[in-house]
There are 2 protein chains.
Amino acid sequence: MMKILMLVCDGMADRPIEDFGGKTPLEVSMKENMDAIASRGICGIMDPIAPGVRVGSDTTHLALLGYDPYMYYTGRGPFEALGAGLEVRKGDVAFRVNFATVDEDMVVKDRRAGRINKGTADLAQAVNEISLPGVDFVFKESTGHRGALVFRGDHLSSKVSDSDPHEIGKKIMEVKPLDGSRDATRTADLANEFIRKSHEVLKRHRVNEERRAKGLKPANMLLLRGCGVAMDIPYFEEKYGITGSCMTTTGLIKGIARSVGLELVETPEGYRDRVMTAQKVLEEKDFLLLNIKEPDEAAHDMNPERKIELIEAIDEALAPLVDFVEENYMVLLSDHTTSSSYGDHTGDPVPIIIAGPEVRVDDIKTFDERKAAKGGLGRIRGRDIMQIMLDLLNKSEKFGA
Amino acid sequence: MMKILMLVCDGMADRPIEDFGGKTPLEVSMKENMDAIASRGICGIMDPIAPGVRVGSDTTHLALLGYDPYMYYTGRGPFEALGAGLEVRKGDVAFRVNFATVDEDMVVKDRRAGRINKGTADLAQAVNEISLPGVDFVFKESTGHRGALVFRGDHLSSKVSDSDPHEIGKKIMEVKPLDGSRDATRTADLANEFIRKSHEVLKRHRVNEERRAKGLKPANMLLLRGCGVAMDIPYFEEKYGITGSCMTTTGLIKGIARSVGLELVETPEGYRDRVMTAQKVLEEKDFLLLNIKEPDEAAHDMNPERKIELIEAIDEALAPLVDFVEENYMVLLSDHTTSSSYGDHTGDPVPIIIAGPEVRVDDIKTFDERKAAKGGLGRIRGRDIMQIMLDLLNKSEKFGA
């Protein structure tokens with residue numbers, strides 16, 4: 001059977017940049033392999049959700065996998081928890097968590113506890129020994145200063161605010177119910193009790209004593225944010241009747257992939273190895289979502305020159321895929337625009353190629369934001385893609401007779 | 001902060017006209033400033049609501065401001081009433097009204113009472129002295145033969161028919177309930193009583209005696225139509241977090257603007273003065289909707305030559321805006337197609353330009369229906385525009401992380 005590779009170059013699309021004579025990083029880049037794939041495919045522009053809607057990588061990846069984010073996304077917490085390797089069941093309420101440093105007055109001195117990257121498993125173990133009345137919870141450390149907290153039980157709600165003040169020099173916030181429901185009030189109370197009790201445990205923990213001794217900031221506070229409730233999301237394999245995997249370095253996208261049952265594949269270091277591994281995975285699986293995060297990071301750092309370097313490095317690694325699309329399908333796209341001038345995601349559409357044996361190859365031979373807009377796909381939406389791909393495999397259901 | 005000017009050339013788009021060798025008025029017009037703005041922007045075509053849906057100026061302006069007309073538009077009445085300066089609250093039921101002339105048999109002799117334009121305030125004052133059991137009402141004259149009637153109270157419904165037969169030589173119609181509800185029956189009864197009682201007052205009013213003496217047609221009947229219920233529409237400033245105004249000569253569009261809380265600005269006579277005032281308003285406000293009505297009127301009059309003259313006159317006045325879009329954003333569009341052959345609105349898409357500092361300028365350098373269709377925006381919808389504009393200002397909310 002033909003396979004589908006969905007290659008997401010995260011945040012690769014950009015706005016015109018004055019220093020580049022009004023061109024985008026993608027327009028300036030040398031990218032002969034992307035262009036060769038464009039020549040073998042049909043191009044277009046894609047609104048991740050809808051025109052002008054500014055999306056996160058999480059919501060857009062849900063859409064790219066064919067799931068309505070307005071239905072399945074209530075907050076980042078459950079996906080972050082899944083990405084951290086926690087089990088999350090329908091109805092669980094989850095938060096993203098930062099290990100942070102506060103002073104005696106609960107004023108945040110460092111939202112990342114001096115970018116702590118050791119000892120967080122020990123700290124998490126101690127936190128899990130707390131008891132909270134009437135609710136089960138699991139807290140788990142993730143990469144660096146990150147972690148996730150899952151509450152499980154009846155009468156929980158995701159409609160609660162963050163404890164994270166999102167700014168240094170401010171006191172931590174009380175978690176508050178965001179609607180008038182008793183469940184939200186109860187969940188906020190539980191979260192505040194968790195925060196108090198975990199602070200007591202953390203501030204006198206051996207790991208933090210050692211950090212203080214070394215002049216490092218103690219990880220004495222857990223900042224909670226992005227509360228969401230886990231939904232009952234249909235699994236990818238059941239929804240489409242094909243098997244799938246995901247390769248990504250990003251915890252949150254791992255969480256999105258896990259939420260729909262995609263198997264996670266280790267990401268090798270270099271781009272060539274990632275592409276080689278991707279092809280290997282596709283010997284077994286029908287579908288692989290490969291997310292390459294780095295272009296997005298360069299744009300968040302407002303460094304378009306770095307973005308160009310990364311695009312060119314990725315492009316070099318894509319050489320084997322020019323042949324791949326003779327026999328298989330590939331979707332090459334950016335998941336959203338990340339403006340190197342603004343330093344964040346914007347709602348502009350992104351360029352997309354669908355290449356493979358039976359697409360109506362158009363006359364676009366260069367892959368960038370403006371050229372793709374003249375392609376045969378026209379302007380589509382993120383949620384259209386899986387339908388199109390499934391149909392190209394002749395695996396879609398007929399609606400009607 | 002950068003500003004947004006939304007310039008709506010009402011009904012400017014047209015269908016191909018045989019006498020023009022199959023070109024549209026916009027394609028035939030000399031319009032160097034519109035073309036210059038196109039050269040500095042990204043073009044496309046827009047369906048006001050959806051492909052082929054034939055819209056009014058009211059529904060399309062709601063959509064252009066980002067409101068779903070299927071949710072907020074139940075009839076023209078409430079917007080006409082707002083445009084006439086009446087206060088309209090959620091739940092009020094309102095009608096458009098014409099001052100008209102009927103004979104003793106209630107047969108309509110003139111639907112506009114000889115285009116009456118004096119004395120209507122006096123007539124309205126007398127009408128407001130009527131009493132109707134169990135309901136508050138206000139009737140107000142508007143420009144010329146127009147007016148609006150608002151009912152306020154419990155158990156009202158907008159599901160009632162017109163009394164206006166929409167034709168000369170026919171008897172006025174009884175207002176009838178359009179569904180089986182008791183509220184609709186009650187509202188129809190109240191409307192019919194209002195019609196009877198107002199006719200009694202009007203037919204012997206001094207203003208009409210004077211008109212008869214001068215050989216003018218008396219305004220002895222109020223024709224009711226376009227009943228709608230006022231909805232709870234979120235205000236523009238709350239929805240988008242930016243301030244806004246509207247400049248229009250049309251009562252109905254004034255009503256749309258008032259319904260979302262846009263401040264109304266007086267419209268100067270000449271196009272140059274309108275553009276100058278628009279720029280002045282934008283020194284204070286973030287957003288201005290400028291509606292220029294005349295091209296639509298020419299098309300309703302089936303006069304495409306006149307439409308060309310108007311387009312060229314508007315274009316001349318746009319010279320200052322070519323510089324404006326170096327620092328600010330502008331949306332230039334027609335709100336709907338008005339066919340000069342058919343003499344009414346049609347459901348064809350309209351050409352649109354979005355120009356400003358960070359748009360992905362495309363290669364379209366001529367602004368018309370066919371050229372715009374090849375532009376970088378592709379095909380969008382009316383309700384997409386405010387999302388896109390807000391995003392260009394980097395003021396949109398991020399959905400996800």
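Order of the sequence lines fixes the chain letters, A, B, ..., with proteins taken first and strands second; residue numbering starts at 1 for each chain. Bear in mind that the values here come from a model prediction, so they are computed numbers and not experimental data.
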Task: Engaged part of B:L392 at the chain A interface, taking heavy atoms whose separation is under 4.5 Å - done: both
Within the supplied structure, the quantity of interest is the number of heavy atoms (other residues, nucleotides, ligands) at a distance under 6.0 Å from [X] [atom1]; does it exceed 12?
| X | atom1 | value |
| --- | --- | --- |
| A:K23 | NZ | no |
| B:K239 | NZ | yes |
| B:K3 | NZ | yes |
| B:E326 | CD | yes |

Open item on the list: Sub-4.5 Å heavy-atom contacts with chain A: which residues of residues 54-74 of chain B show up?
Closed with: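 Result: none.
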Open item on the list: Can you list the residues of residues 360-368 of chain B that sit under 4.5 Å from chain A, counting heavy atoms only?
Closed with: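 Only B:R360, B:V361, B:D363 of residues 360-368 of chain B have a heavy atom under 4.5 Å from chain A.
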Open item on the list: Below 4.5 Å, heavy-atom pairs only: which of A:G378, A:A50, A:P349, A:A373 has the largest tally toward chain B?
Closed with: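 Winner by heavy-atom pair count: A:P349.
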TODO: Mind ranking A:K374, A:E80, A:R370 by heavy-atom pairs under 4.5 Å with chain B and telling me who comes out on top?
DONE: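 Among A:K374, A:E80, A:R370, the one with the most close pairs to chain B is A:R370.
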Over all heavy atoms of both residues, which pair between [X] and [Y] is shortest? Give the atoms and the distance, please.
| X | Y | answer |
| --- | --- | --- |
| A:G52 | B:S396 | O-OG, 4.4 Å |
| A:R76 | B:A401 | NH1-CB, 2.6 Å |
| A:R379 | B:L377 | NH1-O, 2.7 Å |

Task: Listed partners of A:D335 passing salt bridge (charged side-chain N to carboxylate O under 4.0 Å, His left out), at least two apart - done: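 If we apply the salt bridge (charged side-chain N to carboxylate O under 4.0 Å, His left out) test to A:D335, skipping adjacent residues, there are no hits.
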Task: side-chain hydrogen bond (donor to acceptor under 3.5 Å, both in side chains) against A:R15, all qualifying residues, sequence neighbours excluded - done: A:D348, B:E358, B:D391, B:N394
Task: Toward chain B, the part of A:I17 with a non-hydrogen atom under 4.5 Å - done: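 For A:I17, there is no contact with chain B at all, as no heavy atom is under 4.5 Å.
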